[in-house]
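In this chain, residues are counted from 1 in sequence order.
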Amino acid sequence: MKTILITNDDGIKADGLLRLVREATKFGQVFVVAPDGERSAASHSINLHHPLDVYPYEIGIEGVTAFTCSGTPADCVRLACTTILPHKPDVVLSGINFGYNTATDIQYSATAGAAFEGAFQGCHAVAVSEGRNGHEVTDTYLPEILKEVLESKADKGAIININFPECALKDFKGILRDRTVSESTLFDDEYRVVEKLPNGGVRYMVHGNYHEAAEEGSDLCAVLDGYISIGIVQNHC
C-alpha cells in the first residue's frame, strides 16, 4: 500500500484539499500536513529563521491522520518527509488548488512549490489544480486521473502537473497529455497606488488584467479550450 502525503496552499479547511483526500484514500494510506491558513503564491519558499508550529487536526475522514502547520506548503512537505510521518511517503499530492497553475504562474505557485519539494525529497510528486468557476469536470474525472498519475513516474526533480478546466461537463472535450508549459499568462499584472503614506511612502496593490492567449499544445491552451491538461514540469535539483 502506498503512503500518500497531501498538502495545499489554500489551507487545511479548503474544499479542494478535502475532495482530494477523500479520493486518495482509495489508493493508499493518507497523511495530511497542510498550512493553517492560505499561503498562495509562496512558491517554493521555506522558513529558516522562524519556528514551525504543528498541531494535530481532526479532518473528519476515516483513516486519515492530519496536522496543521504554521509554515509554507513547502515547509509542510519538508517537515512531513523528514520528521512527522513514520517514514517518507511514496507520493506527495499538492492541491486541489483553487485556480489554475499553468504557464508562467507555475513559478509563483505554492501548490507547485510543495510538489517540487516532494520531488526534491525523492517522492513521486503531483500538483493538482482547477478553475475557479466550477469543478464538475474535476469531480467526474479525478478518480481516473489519479489512478493514471499514481502509476506513472516523472524524472528526478520533476513533477506531474494537472489542471482541470472550469467548463461544464457537457462542454468538456477530453484529456490532453504531454502539455508544455505556456509562456503566456492569464493575467498581465500591474501595481496601482492605493494610498500615500507618511514620510514619502507609497502603498501599492497588484491588479491583474485578464486576457486569454496561449500557444497550441500548452497547458493554458488546453484548459481554456475545455480539456484536462497533464504535463511534466522540470525543476533544478
Heavy atoms of other groups near His87 NE2, more than 12 under 6.0 Å: yes

Output the distance between atom OG (Ser45) and atom OH (Tyr108), rounded to the nearest 0.5 Å. 14.0 Å

Answer yes or no: is there a donor N or O on one side and an acceptor on the other, between the side chain of Asn133 and the main chain of Glu166, under 3.5 Å? no

Taking Ser94 for its side chain and Thr111 for its backbone only, find out whether a donor-acceptor pair lies under 3.5 Å. yes

Assess whether a salt bridge exists between Glu23 and Arg19, defined as any Lys/Arg side-chain N lying under 4.0 Å from an Asp/Glu carboxylate O. no

Any link between Val128 and Ile145 through a network of hydrophobic side chains (Ile, Leu, Val, Met, Phe, Trp, Tyr) touching at under 4.5 Å? yes

Let me check something: do Val77 and Ile84 share a hydrophobic cluster, defined by ILVMFWY side-chain heavy atoms less than 4.5 Å apart, either directly or through other members? yes

Looking only at side chains, do Glu190 and Asn209 share a donor and an acceptor under 3.5 Å apart? yes

SG of Cys123 to CG of Asp90: how many Å apart, nearest 0.5 Å? 7.5 Å

Under 3.5 Å, is there a donor-acceptor pair between the side chain of Lys2 and the main chain of Phe27? no

Side-chain donor/acceptor of Ser152 to backbone N/O of Val149, under 3.5 Å: yes

Determine, stepwise, if the pair Asp219 / Val233 fulfils side-chain contact (heavy atoms from CB on, under 4.5 Å). CA-CA 11 Å; Asp219 51 5; Val233 183; 5.9 Å; no

Among Leu146, Thr7, Asn8, the one residue meeting side-chain contact (heavy atoms from CB on, under 4.5 Å) with Leu93: Leu146

Do Leu20 and Ile6 have side-chain heavy atoms sitting under 4.5 Å apart? yes

For Cys76 and Pro35, which heavy atoms make the closest approach, and how far apart are they? SG-N, 3.6 Å

Contact check, side chains of Val64 and Thr25, non-hydrogen atoms, under 4.5 Å: yes

Is Glu183 atom CD crowded by more than 12 heavy atoms from other residues, nucleotides or ligands, each under 6.0 Å away? no

Distance col, row Leu169:CG vs His135:NE2, nearest 0.5 angstrom, shows 12.5 Å

For Phe187, I'd like to know if atom CZ has over 12 heavy atoms of other residues, nucleotides or ligands within 6.0 Å. yes

Side chains of Ile228 and Pro165 in contact at under 4.5 Å (non-hydrogen atoms): yes

Does a side-chain N-to-carboxylate-O contact under 4.0 Å join Arg39 and Asp36? yes

Interatomic spacing from CG in Asp75 to CD in Glu117 - rounded to 0.5 Å: 8.5 Å

Between NZ of Lys147 and NZ of Lys26, what distance do you get to the nearest 0.5 Å? 13.0 Å

Give the ring-plane orientation class for His44 versus Phe116, where under 30° counts as parallel, over 60° as perpendicular and anything between as tilted. parallel

More than 12 heavy atoms of other residues, nucleotides or ligands under 6.0 Å from CD of Glu195: yes or no? yes

In Å and rounded to the nearest 0.5 Å, what is the CG to OG distance from Leu52 to Ser70? 5.0 Å

Less than 4.5 Å apart, side chain to side chain, heavy atoms only: is that true for Ile175 and Glu144? yes

When every non-hydrogen atom of Leu17 is compared with those of Ile59, the smallest separation belongs to CD2-CD1, 4.5 Å

State whether the side chain of Asn163 and the backbone N or O of Asn101 hold a donor-acceptor pair below 3.5 Å, judged by distance alone. yes

Step by step, would you call Tyr57 with Val32 a side-chain contact (heavy atoms from CB on, under 4.5 Å)? CA-CA 9 Å; Tyr57 181 81; Val32 176; over 6 Å; no

Determine yes or no for a side-chain-to-main-chain donor-acceptor pair under 3.5 angstrom, with Ser182 supplying the side chain and Ser218 the backbone. no

If every non-hydrogen atom of Ala42 is compared with every non-hydrogen atom of Ala110, which pair is closest and at what distance? N-CB, 3.7 Å

Can you get from Ile4 to Ile96 by hopping between Ile, Leu, Val, Met, Phe, Trp and Tyr side chains that sit under 4.5 Å apart? yes

Apply the side-chain contact (heavy atoms from CB on, under 4.5 Å) test between Gln121 and each candidate in Leu5, Val92, Thr82; give the one that qualifies. Thr82

For Tyr191, I'd like to know if atom OH has over 12 heavy atoms of other residues, nucleotides or ligands within 6.0 Å. no

Sub-3.5 Å donor-acceptor pair from the side chain of Arg179 to the main-chain atoms of Arg177, do we have one? yes

Which heavy atom of Ala119 sits nearest a heavy atom of Ala125, and at what distance? N-CB, 3.7 Å

For Leu79 against Cys69, the heavy-atom pair lying closest together: CD2-SG, 4.4 Å

State, to 0.1 Å, how close Lys196 and Val193 come at their nearest heavy-atom pair, and which atoms those are. CE-CG1, 4.0 Å

Are any non-hydrogen side-chain atoms of Val33 and Val54 less than 4.5 angstrom apart? no

Do any N or O atoms from the side chain of Thr104 and from the backbone of Ser184 form a donor-acceptor pair under 3.5 angstrom? yes

Is Asp10 reaching over with its side chain to a backbone N or O of Asn97, donor-acceptor style, under 3.5 angstrom? no

Evaluate the side-chain proximity of His124 to Ile160: yes if any heavy-atom separation is below 4.5 Å, no if none is. yes

Thinking salt bridges, do Lys173 and Asp225 make one under a 4.0 Å N-O criterion? no

Backbone of Lys156 reached by a side-chain donor or acceptor of Gln234 within 3.5 Å: yes

With a 4.5 Å cut-off on side-chain heavy-atom distances among I, L, V, M, F, W and Y, is there a chain of contacts connecting Leu150 to Tyr141? yes

Should Phe98 and Val21 be regarded as members of a common hydrophobic cluster, given that ILVMFWY residues are connected when their side-chain heavy atoms come within less than 4.5 Å of each other, either directly or indirectly? no

